[in-house]
Colleague: 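Questions regarding the structure given below will be posed in turn.
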Protein chains: 2
Amino acid sequence: MQTNLSPLTRKLSAFVALSEIDLETLARFDRRRRSFEPGHEMIHEGQTGSSAFVLSKGWACSYKILPDGNRQIVDFQIPGDFLGLRSILFRTADHSVEAVTRIEASEVIASDILDSFARAPRLATAVLWAASRDEAMVVEHLVNLGRRSAEERMAHFFLELGARLALVGVGDRTGYDCPLTQYHLADVLGLSAVHVNRVLRKMREEGLVTFKTGRVVFDDFGRLKALAVFDTAYLDQDGPLLR
Amino acid sequence: MQTNLSPLTRKLSAFVALSEIDLETLARFDRRRRSFEPGHEMIHEGQTGSSAFVLSKGWACSYKILPDGNRQIVDFQIPGDFLGLRSILFRTADHSVEAVTRIEASEVIASDILDSFARAPRLATAVLWAASRDEAMVVEHLVNLGRRSAEERMAHFFLELGARLALVGVGDRTGYDCPLTQYHLADVLGLSAVHVNRVLRKMREEGLVTFKTGRVVFDDFGRLKALAVFDTAYLDQDGPLLR
DNA sequence: CGCGGGCTTGAGCATAGTCAAAGTCTGTGG
DNA sequence: CCACAGACTTTGACTATGCTCAAGCCCGCG
C-alpha cells in the first residue's frame with residue numbers, strides 16, 4: 001500500500017484487497033485531469049458516449065429534469081465519488097450531472113473501465129460494490145421522499161451528508177462546510193424552495209440545525225438524529241470483504 | 001447457446017456476450033431451488049449472512065420499514081429479476097424482501113457469487129450492468145416520488161410495470177395480470193391507501209386505466225403515457241455492449 | 001353464517017404548494 | 001466609493017393535494 005492513494009483507490013480498498021496489478025490499472029483512471037466551473041453540465045441526460053468522472057475536488061449533483069421544468073436531484077457527489085458510471089454502462093446517459101462548485105476530476109472513458117475489468121477482474125467486483133453502495137444511498141433517499149415529512153427529510157439529509165463527509169475526513173459533530181443553496185435543498189428533498197426556507201427557520205428556532213450559506217451547524221446532534229431516525233448502517237464500511 | 005436458458009442468463013446475455021465458461025458458471029446459480037408462500041419474508045433488514053435469489057416464478061417486493069410502522073416499497077421483482085444482491089455484497093441486509101405471490105426461486109449464497117466472479121470475470125461486469133439497470137429504475141422511482149402528483153405516479157408505475165413485464169413476455173398493450181393490492185400501490189407510491197383508492201377511481205372514470213384485483217387494463221394507453229411523461233429509455237436493452 | 005382482508009366513501013384537517021413582494025448579499029463597473 | 005444587477009433568502013396570504021379517522025360494503029373461505 002502506498003501512502004498517497006487516490007480517493008477512488010481508498011474507497012475501493014475498503015471492500016476488496018487490491019493487488020499490484022489492480023492498483024496499476026486503477027492508476028490509469030487518473031490520467032485525464034479536468035476541471036469545471038460551477039454550473040457546468042458535465043453529463044447531459046440522453047447524450048450518447050458520455051464519460052464518467054472520479055471527483056477529486058468540489059461538489060457535483062446528478063439529477064433528472066421533467067418536461068414541466070421541475071428538477072429532482074438524485075444525489076450529490078463529493079470528493080472520492082464516482083460519477084456517471086451508468087452513462088458508460090448504458091449507451092445513453094439516463095441522468096444529467098452538474099458541477100455545484102468548481103470541480104477537479106479525472107475523466108474516465110468507457111474503454112478505460114471495460115478494459116480494466118479484463119486486466120484486473122477484481123476491480124469489476126470492487127466497482128460493483130461501490131455502485132451498490134451508491135444504490136443503497138438512493139434507496140434511503142427514496143424512503144425519505146416517500147415516507148418522511150419535510151422536517152424529517154431535511155434532518156436526514158444533513159446527517160447523511162455529514163456522515164459521508166466525515167468518511168472522507170471533512171467536518172465533524174459540530175457541522176461542516178456546505179456550498180448548497182436552498183434551491184438545491186428543495187430539488188433534492190422534493191420540496192418547493194419556499195417551504196425549504198420555512199422548514200429551515202423552524203429547525204433553527206427549535207435549536208436543531210442552522211443552515212447558513214456555506215455551512216451546516218448541528219445545534220443538537222442527538223435530537224436531530226432522533227428526529228430523522230438516522231441509522232448509518234447503509235454507509236458503514238467494515239473493512240475488506242474480499243481478500 | 002442453448003434453447004432453454006434461465007431467465008437470469010437471458011437477462012445478462014443482453015449486455016455481455018457470455019462464453020461457455022460463463023454459462024457453466026451461471027448454471028451453478030440454479031442449483032438450490034426454493035419456493036415461498038405469499039407474505040413470507042425472504043430477507044430481513046439488518047440480518048447478516050443473507051442469501052440472494054433469482055426469481056423464476058411469482059412476484060416479490062423489496063422495502064424498508066420505518067419505526068412508526070410505515071413502509072416504503074422500493075421495487076417489485078418479477079421473474080428473471082435478481083433479488084437481495086446488496087444483502088450479499090454488504091455484511092448485513094439494508095432492506096427486506098417479501099414474497100407477494102407464491103414464489104419459485106433459486107437461492108444464491110455469497111460464495112456462489114464471489115467465486116463465480118473469480119472463475120468467470122465477465123460475469124462480474126454483467127452483474128454490474130444488471131445492478132446498474134436496477135439502480136436506474138430506483139432513480140426513476142425517486143423522481144416519481146419527488147416531483148410527480150399522485151395521478152402521474154400511478155400512471156408511471158403501471159406503465160413501467162407493463163414495460164418490464166413485456167420484456168419477459170407477459171402482458172401487452174391492453175394490460176397485464178397483476179397480483180398487487182391497493183395497499184401495495186400505496187406503499188410503493190408513497191401514498192395512503194385511501195388516497196390510492198380515490199386516484200384509481202378518478203383514473204377509471206377518466207378512461208385512463210382500470211385496476212381491478214388481479215389485472216391492470218389500459219383503457220387509453222396513449223393518454224396514460226402522456227400523463228406520466230413515460231419514456232422507456234432507462235429500461236431499453238439494445239443488445240450486448242461487451243462482446 | 002360469520003370472519004377477515006381488501007375496497008369504497010365521506011368529513012375534516014394538515015402539510016406543503018403557488019403567487020407575490022420585498023429584503024440581503026456580493027461582485028462589477030462607473 | 002457608490003450604484004446596480006443578479007442570485008439567493010425571507011415572509012405573507014391563499015390554495016390544493018393528500019392524510020386521518022370513521023364507517024360501511026363486498027366477497028371468498030372455513
Side-chain angles (χ1 to χ4, degrees), chain A residues 37-40 59 61 66 68-73 98-102 144-157 178-206 209-217 227, chain B residues 37-39 59 61 66 68-73 98-101 144-157 178-206 209-217 227:
Chain A
E37 292 308 308
H40 182 86
W59 292 36
C61 67
L66 294 180
D68 62 4
N70 254 325
R71 166 164 100 154
Q72 177 63 50
I73 294 181
E98 180 183 287
V100 172
T101 64
R102 187 187 155 75
N144 226 8
L145 292 188
R147 289 295 181 206
R148 289 198 250 244
S149 70
E151 204 176 335
E152 291 166 341
R153 282 183 225 178
M154 191 76 80
H156 189 277
F157 176 75
C178 172
L180 306 179
T181 67
Q182 293 185 7
Y183 286 93
H184 285 121
L185 295 181
D187 284 351
V188 76
L189 298 177
L191 300 169
S192 67
V194 171
H195 198 59
V196 162
N197 186 278
R198 290 193 231 275
V199 171
L200 284 175
R201 172 165 47 131
K202 180 155 178 265
M203 295 178 89
R204 190 182 342 113
E205 286 169 359
E206 287 174 339
V209 255
T210 306
F211 176 86
K212 41 185 178 190
T213 335
R215 187 154 182 95
V216 172
V217 178
L227 172 64
Chain B
E37 292 307 309
W59 292 38
C61 66
L66 294 180
D68 63 5
N70 255 325
R71 166 164 100 153
Q72 177 64 49
I73 293 181
E98 180 183 286
V100 172
T101 64
N144 227 7
L145 292 188
R147 288 296 181 206
R148 287 199 251 245
S149 70
E151 203 176 337
E152 291 165 341
R153 281 182 225 180
M154 190 75 78
H156 189 277
F157 176 76
C178 173
L180 306 178
T181 67
Q182 293 186 4
Y183 287 91
H184 284 120
L185 295 181
D187 284 351
V188 77
L189 298 176
L191 300 168
S192 68
V194 172
H195 198 59
V196 162
N197 185 278
R198 290 193 231 275
V199 171
L200 284 175
R201 172 165 46 131
K202 180 155 179 265
M203 295 178 89
R204 190 181 344 111
E205 286 169 359
E206 288 173 339
V209 254
T210 306
F211 176 85
K212 41 184 179 192
T213 334
R215 187 151 182 98
V216 172
V217 178
L227 171 64

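Quick note on labels: first sequence line is chain A, next is B, and so on, each numbered from 1. Below, all heavy atoms of this structure are taken into account, side chains as well, without hydrogens, waters or symmetry copies.
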Colleague: Please give, in whole Å, the distance from C/dA16 C1' to A/L189 CG?
Modeller: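 Going from CG in A/L189 over to C1' in C/dA16 covers 13 Å.
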Colleague: What nucleotide among D/dC8, C/dG10, D/dC19 has an atom nearest to a side-chain atom of B/H195?
Modeller: D/dC19
Colleague: Determine whether A/R148 and B/L66 make a side-chain contact, defined as any pair of heavy atoms from C-beta on separated by less than 4.5 Å.
Modeller: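 The answer is yes, as the side chains (C-beta and beyond) meet within the 4.5 Å cut-off.
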Colleague: Where the side chain of B/L191 is defined as all heavy atoms beyond and including C-beta, which of D/dG18, C/dT9, C/dA16 is the nearest nucleotide?
Modeller: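 When the side chain of B/L191 is considered, D/dG18 is the closest of D/dG18, C/dT9, C/dA16.
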Colleague: Are any non-hydrogen side-chain atoms of B/M203 and B/F211 less than 4.5 angstrom apart?
Modeller: no
Colleague: Rounded to the Å, how far apart are A/R198 CZ and D/dT9 C1'?
Modeller: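 Computing the A/R198:CZ to D/dT9:C1' distance gives 12 Å.
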Colleague: From CG of A/D187 over to P of D/dC8, roughly how many Å is that when rounded to an integer?
Modeller: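 Those two atoms, CG and P, are 11 Å apart.
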Colleague: Classify B/S192 by what it touches in the nucleic acid, base, sugar-phosphate, or nothing, heavy-atom distance under 4.0 Å.
Modeller: base
Colleague: At less than 4.0 Å, is any side-chain N or O atom of A/Q182 found next to OP1 or OP2 of D/dT10? Yes or no.
Modeller: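 It does, given that an N or O in the side chain of A/Q182 lies less than 4.0 Å from OP1 or OP2 of D/dT10.
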Colleague: Could you check how far CG of B/L200 sits from C1' of C/dT9, rounded to whole Å?
Modeller: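 The distance from CG of B/L200 to C1' of C/dT9 comes to 14 Å, rounded to the nearest Å.
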Colleague: In whole Å, I'd like the distance from the NZ atom of B/K212 to the C1' atom of C/dT8.
Modeller: 18 Å
Colleague: Would one find a side-chain N or O of B/N197 under 4.0 angstrom from OP1 or OP2 of C/dT8?
Modeller: yes
Colleague: Do B/V196 and B/M154 have side chains that get closer than 4.5 Å, going by heavy atoms?
Modeller: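 SC-SC contact between B/V196 and B/M154 confirmed.
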Colleague: D/dT9 P sits how many Å from A/L180 CG, rounded?
Modeller: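 It is 10 Å, rounded to the nearest whole Å.
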Colleague: Regarding B/V199, tell me which of base, sugar-phosphate or nothing describes its non-hydrogen contacts under 4.0 Å with the strands shown.
Modeller: nothing
Colleague: Nearest to the side chain of B/A150, heavy atoms from C-beta on, is which of C/dC19, D/dG18, C/dG17?
Modeller: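 Closest nucleotide among those given: D/dG18.
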Colleague: Measure the shortest side-chain to side-chain distance between B/L191 and B/R153 over non-hydrogen atoms and say whether it is less than 4.5 angstrom.
Modeller: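 Sidechains of B/R153 and B/L191: in contact.
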Colleague: Measure CD/A/E205 against C1'/D/dT10 and give the value in whole Å, please.
Modeller: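 Between C1' of D/dT10 and CD of A/E205: 12 Å.
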Colleague: Take atom NZ of B/K202 and atom P of D/dA16, then tell me their distance rounded to the nearest Å.
Modeller: 13 Å
Colleague: Please report the shortest heavy-atom distance between B/C61 and B/R71, naming the atom on each side.
Modeller: SG-NH1, 4.3 Å
Colleague: For A/Y183 and A/R147, take the nucleotide of DNA chain D holding the closest heavy atom to each; which residue's nucleotide lies nearer the 5' end?
Modeller: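 Comparing both residues, the 5'-ward one is A/Y183.
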Colleague: Regarding A/G190, tell me which of base, sugar-phosphate or nothing describes its non-hydrogen contacts under 4.0 Å with the strands shown.
Modeller: sugar-phosphate
